Amino acid sequence: MSVRLPGAVPSPSTERGRRPPRADLIAAAAALGLFAAAAVTGGVLYALGRPVYASAAPLSAHWLPHVGPGTPAALLLAALVCWRGPALAARLPWRPLLALSYATAVAWTLSLALVDGWRRGVAGRLTTVHEYLHEVPGVTDVPAMLGEFTTRILDFQPDSWTTHVSGHPPGALLVFVWLDRAGLGGGGWAGVLCILAGALVAVAVPHTVRLLGSGAAARAVLPFAVLFPGAVWSGVSADGLFAGVTATGVALLAHGVTRGRAVGAVAGGAVLAFGCYLSYGLVLMAPVALAVVLAGRHRPTVGWAFAGAAPVVAGFTAAGFWWPTGYHLVVERYYQGIAADRAYGYWVWANLALVVAAAGPAAAVLLRRVVLAGWRAVALRRPGAERATWLLPLAAMAAIVAADLSGYSKAEVERIWLPFTAWLMAGAALIPPAARRTWLAVQAGAALTVNHLLLTSW
């Protein structure tokens with residue numbers, strides 16, 4: 001027996017009557033067309049002597065068709081999740097299901113990374129001269145490092161931070177310093193940490209949907225969160241770690257505002273505040289956090305989130321790092337590098353083509369349905385029990401558009417925007433059940449294609 005969820009999640013028969021599948025196909029085709037246009041335009045501009053400074057435009061990668069040790073596992077996992085994922089998500093108890101989902105997401109991310117081999121795909125990713133681990137041996141005094149951090153952001157001075165350290169607040173470097181101090185130094189452990197943290201998205205996104213809406217919607221979202229194509233870049237990049245941390249913070253905040261538990265709100269506020277010290281751009285998680293508050297039943301609890309955030313901000317400030325100063329210096333450093341040569345006119349739309357790569361072609365289908373569901377909910381003033389399925393993706397898109405228009409994210413957003421693109425998957429419950437396996441296969445195919453045709457930079 002088929003049961004229609006209250007709100008915006010239609011049954012297959014209703015879907016066939018109201019929206020023909022052709023609309024979804026057109027949306028996905030348009031998304032792929034946008035990516036193709038960005039690729040062709042990038043090639044033409046290069047031929048005309050106006051390079052866009054992305055090796056396989058719009059992707060930061062090199063053409064290198066290859067297979068590797070992770071190929072068999074990646075293919076097997078993709079097939080299993082597409083075949084059995086939706087059915088298992090529908091019937092397993094919730095907590096064991098989350099555990100299975102997390103383990104599968106870890107395996108999926110690791111297998112994709114191992115397509116490039118252990119050294120090239122995992123252990124060597126964060127050890128280059130531009131990455132965080134390059135600076136870890138020089139941090140012998142953490143308080144001193146925090147106190148002088150902003151003085152070393154600008155380029156062209158003897159003690160300038162490496163590219164990635166200078167481009168982020170000190171929290172990102174601190175994570176790898178702490179890992180090293182725990183006896184887990186080197187690129188291998190750093191890569192594993194990013195994979196383990198990035199896979200938290202597969203738990204946090206569906207669990208947030210469950211807290212704000214229903215178990216049925218969350219179960220529909222879960223396989224899409226597990227086979228998230230962005231796993232190509234979250235394993236291994238620090239941005240995958242950022243995505244996992246902030247997604248966890250959002251889920252904790254959702255626990256606080258739906259259950260009225262101060263401890264959840266405090267923890268969520270602290271984790272999200274720490275996220276802002278991992279990357280300046282993560283202040284744009286604010287729309288997603290606001291969506292959680294709007295969909296929650298105990299909004300006054302949100303005050304505890306600020307109580308959780310305050311000690312984090314106070315701690316970094318007392319140690320000598322003033323966030324606004326760091327941000328303004330990073331903007332200056334940004335234009336000391338290759339960003340000054342990357343044309344805004346190309347990247348302002350090519351960045352959106354990269355969303356197609358990182359979130360998968362199904363993201364266009366989700367967004368079409370999300371916009372329709374949101375419009376109907378607002379127009380009819382009946383948001384329904386499933387408003388999280390359209391409110392969270394819309395909030396994520398708002399963050400992406402703001403980042404795009406700012407001009408401070410030209411290229412490389414396939415990894416930089418992982419904390420935002422992951423939340424687009426919250427709209428997967430809007431896909432009719434009969435079509436979910438098909439779109440899961442499309443998502444998996446997109447990730448496998450990118451990973452086997454290109455050697456990505458992250």
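Only heavy atoms go into these numbers, but all of them, side chains included; no hydrogens, no water, no symmetry mates. None of these values were measured; they are calculated from a predicted model. Residues take their numbers from the sequence shown, with the count starting at 1.
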Between Glu131 (side chain) and His164 (backbone), is there a donor-acceptor pair under 3.5 Å? no
Sub-6.0 Å ring centroid separation between Tyr277 and His168: no
Within this structure, what is the OG1-CH2 distance for the pair Thr128 and Trp458, rounded to the nearest 0.5 Å? 9.0 Å
Within the distance-only criterion (no hydrogens, no angle test), does the side chain of Arg415 pair as donor or acceptor with the backbone N or O of Ser237 below 3.5 angstrom? no
I'd like to check the side chain to side chain contact (heavy atoms under 4.5 Å, CB included) partners of Ser111; sequence neighbours left out, ordered by chain and number. Ala73, Ala74, Leu77, Trp108
Donor-acceptor contact below 3.5 Å, side chain Arg219 vs main chain Ala89: yes
Identify the heavy atoms of Gly240 and Leu418 that sit nearest to each other, and give their distance. N-CD1, 4.0 Å
Tell me if a side-chain donor or acceptor on Trp304 pairs with a main-chain N or O of Gly256 at a distance below 3.5 Å. no
Looking at residues at least two apart in the chain, or sitting in another chain, which of them share a salt bridge (charged side-chain N to carboxylate O under 4.0 Å, His left out) with Arg342? Glu412
What residues form a side chain to side chain contact (heavy atoms under 4.5 Å, CB included) with Ala357, not counting sequence neighbours? Phe35, Leu59, Trp233
Over 12 foreign heavy atoms within 6.0 Å of CH2, Trp375: no
Can you name the closest pair of heavy atoms from Phe228 and Ala225 and give their distance? CB-O, 3.4 Å
Can you name the residues that form a side chain to side chain contact (heavy atoms under 4.5 Å, CB included) with Val371, not counting sequence neighbours? Leu394
Any donor-acceptor pair under 3.5 Å from Tyr102 side chain to Leu196 backbone: yes
Hey, is the main chain of Ala38 close enough, under 3.5 Å, to the side chain of Tyr346 for a donor-acceptor pair? yes
Name all residues meeting the ring pair (Phe, Tyr, Trp, His ring centres under 6.0 Å) criterion together with Phe274; count only those two or more places apart in sequence or in a different chain, and write none if there are none. none
When you measure from the side chain of Arg368 to the backbone N and O of Ala363, does any donor-acceptor pair fall under 3.5 Å? no
Can you run down the salt bridge (charged side-chain N to carboxylate O under 4.0 Å, His left out) pairs that involve residues 81-110, sequence neighbours left out, and say none if there aren't any? none
Does the side chain of Thr71 come under 3.5 Å of the side chain of His452 through a donor N or O and an acceptor N or O? yes
Look at the aromatic rings of Trp94 and His207 and report parallel, tilted or perpendicular, splitting at 30° and 60°. parallel
